[in-house]
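Worksheet: the structure to be examined is printed underneath.
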Amino acid sequence: MSVLIAPSVLSLDYSDTASQLQQLNASGAEWMHYDVMDGNFVPNISFGPDILKAFCKASPLYKDVHLMVADPSYYADVFIKAGADLITFHYEALQEEEIRPLLEKIHAAGKKAGISIKPNTDVEVLVPYLNEVDLILIMSVEPGFGGQSFHPEAAGKIAQLRQMIDASGSHALIEVDGGINQETGRVCREAGVDVLVAGSYVFKGDIQKAVESLR
Ligand code: DX5
Ligand code: ZN
């Protein structure tokens, strides 16, 4: 399968939003990665549901919502209502017994569900959920800010997860997020990733060229 590209609008130039969104729509990217930060699960605040609603009007791209929030169960409903196609929440934000009910709630709303792990969380924690999730997001930086450097250990986690997914018969996609550019994107593709998130790399210059260079 060829890789899907998910530019992170966290790095969009908000002084020029309309033009940036037009360029993104024409870039060939399949997904829009939308980072929600609550100033609690991570030490930063990004945007809420109204901006997502506006982006749904302005862009046909698949809305990949990454919840970096302490209460993902509450905010899953909020962002589904605002237009999310896929809701990914953090394993670390919940108690183990809260994970399956949230996956079920997202699926009951007709949306896709993903689980993300931070750099210090082992992929083995995901074993019980491999056949219940649509996507697993490997964070290759500490969540909270764009523009950080890729943690090379993420490539090993992707390769390990690739084997686990293929052996289990799961259809979950593997996504990686943080410090992705042409070089680190290639490393992740070789490790078996399905979806590349990239923020600062895509929005620093020519959006279409950057998207093409990630394939
Ligand atoms: C970081 C966010 C990322 C961020 C990536 O916490 O989850 O999606 O936008 O930005 P870059 O690609 O600049 O590392
Ligand atoms: Zn993200």
Side-chain angles (χ1 to χ4, degrees), residues 3-14 17 20-21 24 27 29-49 51-52 55 59 61-70 72 75-76 79 84-93 112-121 133-155 157-158 173-189 193-207 209-215:
V3 78
L4 300 172
I5 309 298
S8 168
V9 290
L10 191 65
S11 293
L12 191 134
D13 175 1
Y14 283 90
T17 307
Q20 291 262 295
L21 287 175
L24 177 60
S27 70
E30 290 86 358
W31 289 11
M32 175 192 289
H33 184 82
Y34 189 90
D35 288 304
V36 180
M37 305 181 184
D38 66 350
N40 186 1
F41 183 74
V42 290
N44 195 10
I45 293 174
S46 57
F47 19 55
I51 305 285
L52 181 63
F55 283 4
S59 173
L61 270 60
Y62 187 85
K63 303 301 180 307
D64 166 28
V65 173
H66 178 193
L67 295 181
M68 287 163 276
V69 303
Y75 283 106
F79 284 91
D85 294 298
L86 162 71
I87 297 278
T88 298
F89 58 88
H90 268 270
Y91 174 83
E92 301 86 358
K112 302 286 188 195
I115 305 183
S116 181
I117 53 171
K118 299 205 279 186
N120 290 332
T121 304
V133 291
D134 302 294
L135 177 141
I136 289 168
L137 170 54
I138 302 287
M139 287 306 299
S140 41
V141 299
E142 281 301 327
F145 298 91
Q148 305 180 72
S149 297
F150 180 79
H151 293 204
E153 310 81 61
K157 290 171 89 173
I158 292 167
L173 297 174
I174 304 176
E175 181 176 51
V176 65
D177 182 7
I180 297 299
N181 54 35
Q182 188 169 14
E183 177 54 25
T184 57
R186 185 183 57 75
V187 168
C188 293
R189 285 201 316 275
V193 87
D194 300 299
V195 188
L196 290 173
V197 176
S200 47
Y201 177 69
V202 166
F203 290 102
K204 73 175 189 311
D206 187 312
I207 295 172
K209 275 205 184 109
V211 167
E212 284 167 1
S213 77
L214 290 169
R215 296 203 189 273

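Keep in mind that the numbers below use all heavy atoms, side chains included, and drop hydrogens, waters and symmetry copies. Note that ligands are numbered from 1 as they come in the structure, with each ligand's atoms numbered from 1 the same way.
- Counting only distance, with no hydrogens or angles, the side chain of R189 and the backbone of V3 share no donor-acceptor pair below 3.5 Å.
- Numbered from 1 in the order shown, with element, the atoms of ligand 1 that lie under 4.0 Å from a heavy atom of M139 read 7 (O).
- Ligand-side atoms of ligand 1 in range of G178: 14 (O), range being under 4.0 angstrom from any heavy atom.
- Below 4.0 Å from some heavy atom of A198 lie the following atoms of ligand 1, by number and element: 12 (O).
- Of all the heavy atoms of F145, the ones lying under 4.0 Å from any atom of ligand 1 belong exclusively to the backbone.
- When OD1 of D35 and OD2 of D177 are joined through the Zn ion (ligand 2), the resulting angle is 170° to the nearest 10°.
- Residue contacts with ligand 1: D35 is placed with a nitrogen or oxygen under 3.5 Å of a nitrogen or oxygen of the ligand (distance criterion only).
- In Y201, the OH atom is crowded: over 12 heavy atoms of neighbouring residues, nucleotides or ligands sit closer than 6.0 Å.
- Atoms of ligand 1 found under 4.0 Å from any heavy atom of H66, numbered from 1 in the order shown, are 7 (O).
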Apply side-chain hydrogen bond (donor to acceptor under 3.5 Å, both in side chains) to residues D35 and S8 and explain how you reach the verdict.
CA-CA 7 Å; D35 288 304; S8 168; 2.7 Å; yes
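- E175 and K157 are not joined by a salt bridge, as no carboxylate oxygen comes within less than 4.0 angstrom of a charged side-chain nitrogen.
- The protein atom (non-hydrogen) at minimum distance from atom 13 (O) of ligand 1 is S200 OG, 2.5 Å.
- The distance criterion of under 3.5 Å between nitrogen or oxygen atoms is met by G147 with respect to ligand 1.
- One option in S8, A6, G199 has a heavy atom closer to atom 9 (O) of ligand 1 than any other, and that option is S8.
- Pairing each heavy atom of A84 with each of V65, the nearest pair is CB-CG2, 3.5 Å.
- Taking each heavy atom of M37 and L10 in turn, the nearest pair found is CE-CD2, 3.5 Å.
- Looking at H66, its N, O or S atom nearest to the Zn ion (ligand 2) turns out to be ND1.
- Scanning all protein heavy atoms for the shortest distance to atom 14 (O) of ligand 1 gives G179 N, 2.8 Å.
- Using a 4.0 Å cut-off to heavy atoms of M68, the atoms of ligand 1 that qualify are 6 (O), 7 (O).
- To the nearest 0.5 angstrom, D85 atom CG is 10.0 Å from L61 atom CG.
- The nearest protein atom to atom 5 (C) of ligand 1, hydrogens excluded, is given as D177 OD1, 3.5 Å; this is a heavy-atom distance.
- In this structure, CG on L4 lies 9.0 Å from CG on L196, to the nearest 0.5 angstrom.
- Figure legend: K209 and F203 shown without cation-pi pairing, the cationic atom not lying both under 6.0 angstrom from the six-membered ring centre and within 45 degrees of its axis.
- Distances below 4.0 Å separate heavy atoms of H33 from the following atoms of ligand 1: 8 (O).
- Proximity of the aromatic rings of Y34 and F47 is defined here by a centroid distance below 6.0 angstrom, and this criterion is met.
- Here the heavy atom of the protein found nearest to atom 10 (O) of ligand 1 is G146 CA, 3.5 Å.
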Step by step, would you call L24 with Q20 a side-chain contact (heavy atoms from CB on, under 4.5 Å)?
CA-CA 6 Å; L24 177 60; Q20 291 262 295; over 6 Å; no
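- Of all atoms in ligand 1, numbered sequentially from 1 with element shown, those under 4.0 Å from a heavy atom of P143 are 6 (O).
- Atom 6 (O) of ligand 1 has as its closest protein heavy atom G144 N, 2.7 Å.
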